[in-house]
Amino acid sequence: MYISKLAIHQVRNISSMEIKPHPYCNIIVGENGSGKSSILEAIHVLGFGRSFRKSKIAELIQFGCSELTVFATADIETSIDLIESSRFGIRKSKTGESEIRIQGNKARRLSQLSSQFPIISFTSDSLDLIDAGPSIRRRFIDWLVFHVKRDIEVAAIYRDFDKVLEQRNEALKKGKRQEIRVWDPKLIELNYQIAQMRSEIIEQLNSEMQGYYPKIESKFSEVKSQLQYKQGWNSDLDYALLLDNNLDMDIRRKSTSAGSHRDDIYFTLDEKPVKNILSRGESKRFVLALLLSAERLIDKANDKNCIWIFDDIAAELDLESLKRTFSVSHDLKNQMFFTCIEKDLPLIQQVIDYEHAVFHVKHGQLVN
Ligand SMILES: Nc1ncnc2c1ncn2[C@@H]1O[C@H](COP(=O)(O)OP(=O)(O)OP(=O)(O)O)[C@@H](O)[C@H]1O
């Protein structure tokens with residue numbers, strides 16, 4: 001799948017812009033502050049309903065405007081010379097309302113749009129997957145589960161778990177045992193479902209990683225890399241029993257101490273935490289291999305390639321990593337959007353030895 005047309009309105013310094021991207025490789029060039037990343041933000045909003053940075057939606061909306069909109073036409077080659085087009089759109093307002101359109105019809109949930117539109121982003125924040133707290137890794141794994149399972153019910157399982165956990169925590173605050181126990185059967189069931197889905201996907205991701213990591217990082221080809229699911233409770237014990245055992249403590253702490261909401265994934269090299277071993281550049285390559293492995297799983301399950309967005313690619317990766325990334329991504333036939341400043345364009349074009357489109361951006365407008 002690739003975006004064949006993109007229309008952006010009122011996203012940061014872009015008042016209105018229409019682009020017809022190349023099916024595989026797009027380089028967005030401009031000076032600092034020209035609006036390159038804003039194009040990537042617009043694509044990200046379509047796939048996730050939020051910024052790829054830590055910006056809130058209201059911060060993405062152009063100064064003085066009350067909403068932003070992004071529309072895309074995405075094409076899929078269904079056979080050698082047959083292309084199927086789909087239209088997607090999202091409107092987000094400052095006051096928090098969203099309107100989602102698929103083929104011109106209103107959709108109820110963002111997950112309906114996201115399921116059609118798998119986007120992978122590699123930005124300066126991507127290292128958070130290694131460095132930041134477990135919630136970032138859980139979010140990544142759950143996003144992958146959602147795209148691999150291809151089941152809209154998956155989003156409902158996560159939503160319900162959050163709701164039930166919140167209700168149970170409310171009951172814990174009141175300290176009423178009977179009320180707390182009302183939530184336990186549903187919590188146990190959803191906890192089990194989430195654990196099962198996460199465990200399966202981490203195992204599959206681990207196995208893809210064995211192939212991709214050496215392609216991106218030759219230095220550690222002899223060293224075993226491992227992704228391990230670390231459950232947020234003692235998995236030797238029955239979860240129901242654990243909730244019972246922890247009840248007094250949970251009432252004191254006013255929150256549920258054990259469960260999927262405490263899950264994490266350990267990334268190790270030679271059984272040592274990646275976080276403590278790898279340099280910053282090496283960590284970026286590890287994350288890149290992780291993202292490529294994730295894409296492979298999505299691709300296998302959906303026959304639908306992911307759309308990649310790389311912000312300021314030359315600042316993030318060295319020449320060798322760039323070469324490897326472009327080569328692997330090109331083999332996978334992904335649609336890619338890179339941003340870079342004018343001075344880095346020759347370097348990037350030297351590494352990309354296949355057809356691509358270049359879009360020059362100035363003051364929030366295309367200039368080529
Ligand atoms: N809500 C907003 N409304 C209008 N302009 C904004 C808003 N938020 C940010 N901007 C401005 O939009 C411009 C484009 O930002 P963007 O991050 O897209 O630039 P860029 O080309 O990627 O720059 P760099 O190379 O420095 O990363 C910046 O000047 C930024 O200050």
Side-chain angles (χ1 to χ4, degrees), residues 3 5-22 25-72 89-99 119-128 280-281 284 287-288 307-319 321-322 325-326 335-349 351-352 356-368:
I3 300 175
K5 203 162 127 189
L6 184 68
I8 305 168
H9 302 282
Q10 292 160 198
V11 177
R12 292 164 64 86
N13 71 337
I14 302 176
S15 300
S16 188
M17 183 187 282
E18 205 174 294
I19 310 183
K20 290 191 172 151
H22 186 277
C25 186
N26 298 277
I27 310 176
I28 301 162
V29 198
E31 296 307 345
N32 290 137
S34 55
K36 306 178 294 294
S37 312
S38 305
I39 299 177
L40 303 191
E41 286 283 19
I43 300 171
H44 199 271
V45 167
L46 261 182
F48 289 91
R50 59 178 164 82
S51 161
F52 65 75
R53 294 184 264 215
K54 288 166 184 118
S55 316
K56 299 189 182 85
I57 273 291
E59 291 163 351
L60 294 188
I61 298 173
Q62 189 160 69
F63 298 146
C65 299
S66 53
E67 58 182 40
L68 62 77
T69 51
V70 186
F71 298 101
I90 188 164
R91 182 177 65 82
K92 287 265 183 184
S93 79
K94 243 182 191 164
T95 44
E97 290 111 56
S98 306
E99 187 179 309
I119 288 179
I120 296 191
S121 57
F122 185 77
T123 71
S124 55
D125 287 347
S126 298
L127 273 195
D128 284 355
R280 216 178 138 70
K284 286 178 190 167
V287 170
L288 202 52
I307 292 164
W308 283 73
I309 56 180
F310 292 83
D311 197 24
D312 205 357
I313 181 98
E316 293 303 325
L317 297 172
D318 61 20
L319 198 61
S321 309
L322 280 176
T325 309
F326 288 133
Q335 188 178 37
M336 299 173 283
F337 292 84
F338 305 102
T339 65
C340 71
I341 51 174
E342 297 282 356
K343 128 177 133 39
D344 290 330
L345 183 61
L347 172 86
I348 291 192
Q349 286 188 307
V351 184
I352 299 179
H356 59 272
V358 179
F359 297 95
H360 290 270
V361 185
K362 205 171 178 180
H363 306 311
Q365 290 183 329
L366 287 183
V367 288
N368 48 338

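Atoms within each ligand, like the ligands themselves, are counted from 1 in listed order. Worth knowing before you read on, the calculation uses all heavy atoms, side chains too, and leaves out hydrogens, waters and symmetry mates.
Distances below 4.0 Å separate heavy atoms of Ser37 from the following atoms of ligand 1: 17 (O), 18 (O), 20 (P), 22 (O), 27 (O). In the vicinity of Ser38, heavy-atom distances shorter than 4.0 Å reach the ligand 1 atoms 14 (C), 15 (O), 16 (P), 18 (O). If you number the atoms of ligand 1 from 1 as listed, the ones under 4.0 Å from a heavy atom of Glu59 come out as 1 (N), 8 (N). Every atom of ligand 1 with a heavy atom of Ile61 under 4.0 Å away is listed here by number and element: 1 (N), 2 (C). For ligand 1, the atoms lying closer than 4.0 Å to a non-hydrogen atom of Asn32 are 23 (O), 24 (P), 25 (O), 26 (O). Interface atoms of ligand 1 facing Gly35, defined by a heavy-atom separation under 4.0 Å, are 14 (C), 18 (O), 19 (O), 20 (P), 21 (O).
Counting protein heavy atoms only, atom 10 (N) of ligand 1 is closest to Arg12 CB, 4.1 Å. In this structure, the protein non-hydrogen atom closest to atom 11 (C) of ligand 1 is Asn13 CB, 4.2 Å. Protein heavy atom at the shortest distance from atom 29 (O) of ligand 1 is Gly33 O, 3.5 Å.
Contact annotation: Gly30 has no heavy atom less than 4.0 Å from any atom of ligand 1. Residue His363 places every heavy atom at 4.0 Å or more from ligand 1. Not close to ligand 1: Asp312, with no non-hydrogen atom less than 4.0 angstrom away.
There is a protein heavy atom less than 4.0 angstrom from atom 26 (O) of ligand 1.
Ser16 and His9 form a side-chain donor-acceptor contact under 3.5 Å, judged by distance and modelled atom types alone. A donor atom on one side chain and an acceptor atom on the other are not found under 3.5 Å apart for Thr123 and Ser121. Under 3.5 Å, the side chains of Gln62 and Ser15 contain a donor-acceptor pair of N or O atoms.
With a heavy-atom cut-off of 4.0 Å, Glu31 touches ligand 1 through its backbone alone. The proximity of Arg53 to ligand 1, defined as any non-hydrogen pair under 4.0 Å, is limited to the side chain. Looking at Val361 against ligand 1, nothing comes within 4.0 Å, counting heavy atoms.
Polar contact check, Ile341 against ligand 1: no nitrogen or oxygen pair lies under 3.5 Å apart. Inclusion of Phe63 in the set of residues having an N or O under 3.5 Å from an N or O of ligand 1 is warranted. Ligand 1 has an N or O atom lying under 3.5 Å from an N or O atom of Ser34, backbone or side chain.
The two atoms that bring Lys284 and Leu127 nearest to each other are N-CD2, 3.6 Å, heavy atoms only. Contact record, Ser55 with Ser51: O-CB, 3.3 Å, taken as the closest heavy-atom pair. The two residues Ile57 and Arg50 make their nearest non-hydrogen contact at CD1-CA, 4.2 Å. For the residue pair Asn13 and Ser34, the shortest heavy atom distance occurs at ND2-O, 3.1 Å. Heavy-atom minimum distance, Pro21 versus Leu6: CD-N, 4.4 Å.
For Arg53 and Glu41, the salt-bridge test passes: some basic side-chain N is under 4.0 Å from an acidic carboxylate O.
Inter-residue side-chain proximity for Leu319 and Val351 is flagged as met; some heavy-atom pair is nearer than 4.5 Å.
Other residues, nucleotides and ligands contribute over 12 non-hydrogen atoms within 6.0 Å of the NZ atom of Lys94.
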Worked check of ring pair (Phe, Tyr, Trp, His ring centres under 6.0 Å) between Phe338 and Phe326:
CA-CA 11 Å; Phe338 305 102; Phe326 288 133; 4.7 Å; yes
